[in-house]
**Student:** 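The structure that follows is given in the form of structure tokens.
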Amino acid sequence: MTAQTQDTGHRTDRVVIRQLAWRDLDALEWDGQYTHFRRVFRANYEDMQRGQRMMWVAEVDGRLVGQVFVQMLSADPNYADGARRAYLYAFRVRPGWQGQGLGTRLMDTAEADLIERGFRVAVIAAGRDNPRARTLYERLGYRVFADDPGEWSYVDDRGHTVHAAEPAWLMQKMLGTRPGQD
Ligand SMILES: CC(C)(COP(=O)(O)OP(=O)(O)OC[C@H]1O[C@@H](n2cnc3c(N)ncnc32)[C@H](O)[C@@H]1OP(=O)(O)O)[C@@H](O)C(=O)NCCC(=O)NCCS
């Protein structure tokens, strides 16, 4: 069937949401677009093995088409405190699969898992240049509580330290609530 390799429409019933496995790490690079995060992905995976993060992926016919990661412990308790607050990040769905509810399914899965672990608040950053993402998070029940300069550093796949600045709205949600109830 040729349709399984094409990024066009309405096959979301075949999409499975599951935890990332070690064998998936290369696929997170999305054919080169995210190769610079290779070391970050591996470090995040090791954190997951230690119970400090979760990495959720959406898979269809063996291909990863979306993801959201969850940081449960952070040095900054505005993001995550290891017990009540957790930070969702690296949220993306492949372009041909956007707008079909996959992002919402990924968020629902991440939030349900956090509730099971006893977490009460989910936090996410919406880029200031990304009002559509902010609209989605508001629809899911998130509300802005802080401005975030979004400054962070990582070591890229060639071992160079990269400093990034991605100004964002920090948004939070009481887990288990739906829009209109909070
Ligand atoms: C944001 C994103 C993960 C949502 O996943 P999705 O599967 O498209 O989401 P859903 O289908 O569940 O919800 C659709 C809503 O997502 C938002 N959305 C859709 N495409 C988007 C895009 N390219 N960029 C940002 N938000 C988008 C819109 O609010 C949309 O609602 P609308 O159709 O009424 O405008 C996905 O669109 C994406 O990967 N966007 C590019 C990367 C990105 O912006 N990530 C978020 C960083 S803050």
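Residue numbers count from 1 along this sequence.
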**Student:** If you look only at pairs with a residue in residues 71-81, which of them pass as a side-chain hydrogen bond (donor to acceptor under 3.5 Å, both in side chains), with sequence neighbours excluded?
**Tutor:** Tyr79-Asp148
**Student:** Report yes if the side chains of Arg63 and Glu59 come closer than 4.5 Å at any heavy-atom pair, otherwise no.
**Tutor:** no
**Student:** Verify the cluster assignment for Leu73 and Val123: are they in a single hydrophobic cluster under the rule of side-chain heavy atoms below 4.5 Å apart?
**Tutor:** no
**Student:** Please work out whether the ring planes of Tyr87 and Tyr89 are parallel, tilted or perpendicular, with thresholds of 30° and 60°.
**Tutor:** parallel
**Student:** Among all residues two or more places apart in sequence or in another chain, which pass the side chain to side chain contact (heavy atoms under 4.5 Å, CB included) test with Val40?
**Tutor:** Phe37, Asn44, Tyr154
**Student:** Check step by step if side chain to side chain contact (heavy atoms under 4.5 Å, CB included) holds for Glu166 and Asp129.
**Tutor:** CA-CA 9 Å; Glu166 298 157 352; Asp129 59 355; over 6 Å; no
**Student:** Can you list the residues that meet the side chain to side chain contact (heavy atoms under 4.5 Å, CB included) rule with Ala58, with sequence neighbours excluded?
**Tutor:** Val15, Ile17, Val65, Leu106
**Student:** Taking the six-membered ring for Trp, are Trp22 and Tyr45 ring centroids under 6.0 Å apart?
**Tutor:** yes
**Student:** Please tell me if the side chains of Trp169 and Arg128 come closer than 4.5 Å, counting only heavy atoms from C-beta onward.
**Tutor:** yes
**Student:** Report the C-alpha distance between Glu46 and Arg50 in whole Å, list the side-chain angles of each, state the deciding distance to 0.1 Å, and finish with yes or no for salt bridge (charged side-chain N to carboxylate O under 4.0 Å, His left out).
**Tutor:** CA-CA 6 Å; Glu46 284 160 14; Arg50 285 191 283 266; 5.1 Å; no
**Student:** Is it possible for you to say whether Leu140 and Phe119 belong to one hydrophobic cluster, with membership spreading through side-chain heavy-atom contacts below 4.5 Å?
**Tutor:** yes
**Student:** Between Gln172 and Arg85, is any side-chain donor less than 3.5 angstrom from a side-chain acceptor?
**Tutor:** yes
**Student:** Between Leu170 and Ile124, is the side chain to side chain contact (heavy atoms under 4.5 Å, CB included) condition met? List the steps.
**Tutor:** CA-CA 6 Å; Leu170 266 191; Ile124 196 163; over 6 Å; no
